[in-house]
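Sharing a structure below in structure tokens format, with a few things to ask.
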2 protein chains.
Amino acid sequence: MSKFRETAMKSLSGDGHDHVSCVAEALQRAEDICAARGARLTKLRRHVLQLIWESGHAPIGAYELLRRLDKEHASAVPPTVYRALDFLIEQGLVHRIESLNAFVGCASPQEEHVGQFLICQSCGTAAEMNDARIDRAIEKVAAELGFATNGRVIEVRGLCPACRGAEA
Amino acid sequence: MSKFRETAMKSLSGDGHDHVSCVAEALQRAEDICAARGARLTKLRRHVLQLIWESGHAPIGAYELLRRLDKEHASAVPPTVYRALDFLIEQGLVHRIESLNAFVGCASPQEEHVGQFLICQSCGTAAEMNDARIDRAIEKVAAELGFATNGRVIEVRGLCPACRGAEA
DNA sequence: CGATCTATCGTTACAGTATAACATTATAAA
DNA sequence: TTTATAATGTTATACTGTAACGATAGATCG
């Protein structure tokens with residue numbers, strides 16, 4: 001398994017990637033984190049989080065979530081999903097990918113971090129780098145200009161190892 | 001003048017910032033670049049570019065451009081402005097700010113670069129860093145993961161020196 | 001020059017993304 | 001229980017972006 005895939009699919013089970021367990025683990029982590037904070041991971045919010053993870057490490061749009069939610073939640077409308085997303089993002093369980101208007105599960109919700117993503121243009125997989133060297137480089141340049149940072153968007157497009165190999 | 005302002009307002013005239021000249025210089029640069037390439041900077045495209053620069057180093061949305069364009073161009077509709085933006089971006093004269101759905105004039109359209117922005121949440125000013133150290137850090141991490149990069153979004157939110165000072 | 005080809009622009013319609021505002025229900029706290 | 005607060009339901013609408021096709025204007029070539 002490539003380092004890219006390892007990074008994208010952090011909660012891997014052994015060598016392959018058992019995505020069913022991966023989703024289950026992500027949901028369990030979310031339960032634990034919310035319980036510890038007294039935040040309410042309601043049925044609806046949990047369902048949205050599950051759909052995000054079931055998208056398989058590829059960012060998914062709000063309206064696609066809405067379509068999938070609709071199957072078991074007839075009253076779902078845009079505010080339904082956007083409010084759930086607001087909560088999940090606030091709790092650090094989900095990241096928004098600005099360049100795609102889409103959402104992806106956070107790989108390490110327990111740790112403080114901004115999101116730094118590598119996004120494959122072919123398969124759609126997004127891997128969270130969260131590399132301190134990149135953070136430091138940015139902080140350094142910002143500091144040199146007297147700029148106080150307060151959040152950032154780091155989204156790198158390109159091709160993951162698997163899709164590079166598969167090219168004609 | 002702070003380094004941030006110097007960076008944001010690269011074509012500064014002396015110590016202060018003569019924005020009228022700044023806009024004129026940006027338009028002249030664009031004329032030159034397009035002429036050299038045989039690209040057609042039409043009246044419409046030039047007008048949109050001018051409106052972007054007249055926004056004063058703060059990113060401006062497509063529909064706000066449309067409203068301003070409308071005053072002298074009654075037939076303007078969304079495709080009018082989006083097509084002009086497509087051209088300007090393709091020519092490297094304008095950058096899109098993904099996290100704001102907005103557009104800003106490129107500070108150095110002659111040089112090859114991706115856009116790296118510091119964006120003040122208070123005054124809206126966007127400064128282009130284009131720092132090679134940040135590029136290198138990102139390329140390094142991507143390479144370690146076997147990821148071939150092909151474009152990126154680097155947008156740092158925060159407070160510029162002037163707005164930090166002005167805080168209560 | 002006139003015919004032709006292509007890029008640009010006009011025009012209509014619509015798709016996709018996101019939020020405001022207020023009513024209702026469920027949960028927690030007193 | 002009563003009360004307060006958080007969450008959800010509901011309707012409507014705002015904002016952002018594109019598809020598709022026709023009309024026009026500039027370039028190219030005989």
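None of the values given here were measured: they were computed from a predicted structure.
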Any side-chain donor paired with an acceptor under 3.5 Å for A:Ser99 and A:Glu155?
yes
Is there a path of hydrophobic side-chain contacts, each under 4.5 Å between heavy atoms of I/L/V/M/F/W/Y residues, joining B:Val48 to B:Ile89?
yes
Could you check how far OH of B:Tyr63 sits from P of C:dA15, rounded to whole Å?
14 Å
DNA chain C nearest-nucleotide lookup for B:Arg45 and A:Gly61: closer to the 5′ end is B:Arg45
Does any non-hydrogen side-chain atom of A:Arg68 lie less than 4.5 Å from one of A:Ile60?
yes
Round to a whole Å and report the spacing from CG of B:Leu66 to P of C:dG10.
12 Å
Give a yes or no on whether a salt bridge exists between B:Arg96 and B:Glu98, defined as a side-chain N under 4.0 angstrom from a carboxylate O.
yes
Within residues 79-89 of chain B, those residues having any heavy atom closer than 4.0 Å to DNA chain D are B:Pro79, B:Tyr82, B:Arg83
What is the separation between atom CZ on B:Arg46 and atom P on C:dC9, rounded to the nearest whole Å?
14 Å
So, does B:His73 get its side chain near the phosphate of C:dG10, meaning an N or O under 4.0 Å from OP1 or OP2?
yes
Going 5' to 3' along DNA chain D, which are the first and last nucleotides with any atom under 4.0 Å from a heavy atom of chain A?
D:dA6 to D:dT11
Bend angle of the helix from C:dC1-D:dG30 to C:dA30-D:dT1 from five-pair axes at both ends, rounded to 10°?
30°
Linking I/L/V/M/F/W/Y whenever their side-chain heavy atoms sit closer than 4.5 Å, directly or via other members, would A:Leu51 and A:Tyr82 fall into one cluster?
yes
Taking A:His57 for its side chain and A:Ala126 for its backbone only, find out whether a donor-acceptor pair lies under 3.5 Å.
no
Heavy atoms, side chains only, cut-off 4.5 Å: are B:Val94 and B:Leu49 in contact?
yes
Pairing of A:Arg67 and A:Glu64 as salt bridge, 4.0 angstrom limit
yes
Please lay out, stage by stage, how B:Cys160 and B:Thr125 fare under the test side-chain contact (heavy atoms from CB on, under 4.5 Å).
CA-CA 8 Å; B:Cys160 74; B:Thr125 300; 5.7 Å; no
Check whether any side-chain heavy atom of A:Leu93 lies under 4.5 Å from a side-chain heavy atom of A:Cys34, and answer yes or no.
yes
Angle between ring planes, A:His19 versus A:His17, binned at 30° and 60°: parallel, tilted or perpendicular?
tilted
Any luck finding a side-chain donor-acceptor pair between A:Gln116 and A:Asp131 under 3.5 Å?
no
Side chains of A:Ser108 and A:Glu128: any donor to acceptor distance under 3.5 Å?
no
Positions of residues 34-42 of chain B (non-hydrogen atom under 4.0 Å from DNA chain C), listed by number:
B:Arg40, B:Thr42
At a heavy-atom distance below 4.0 Å, what parts of residues 91-102 of chain B sit against DNA chain C?
none
Hey, mind stepping through A:Val156 and A:Phe117 against side-chain contact (heavy atoms from CB on, under 4.5 Å) and telling me if it holds?
CA-CA 6 Å; A:Val156 180; A:Phe117 293 93; over 6 Å; no
Using the test side chain to side chain contact (heavy atoms under 4.5 Å, CB included), find all partners of A:Lys140 that sit at least two apart in sequence or belong to another chain.
A:Glu144, B:Arg133
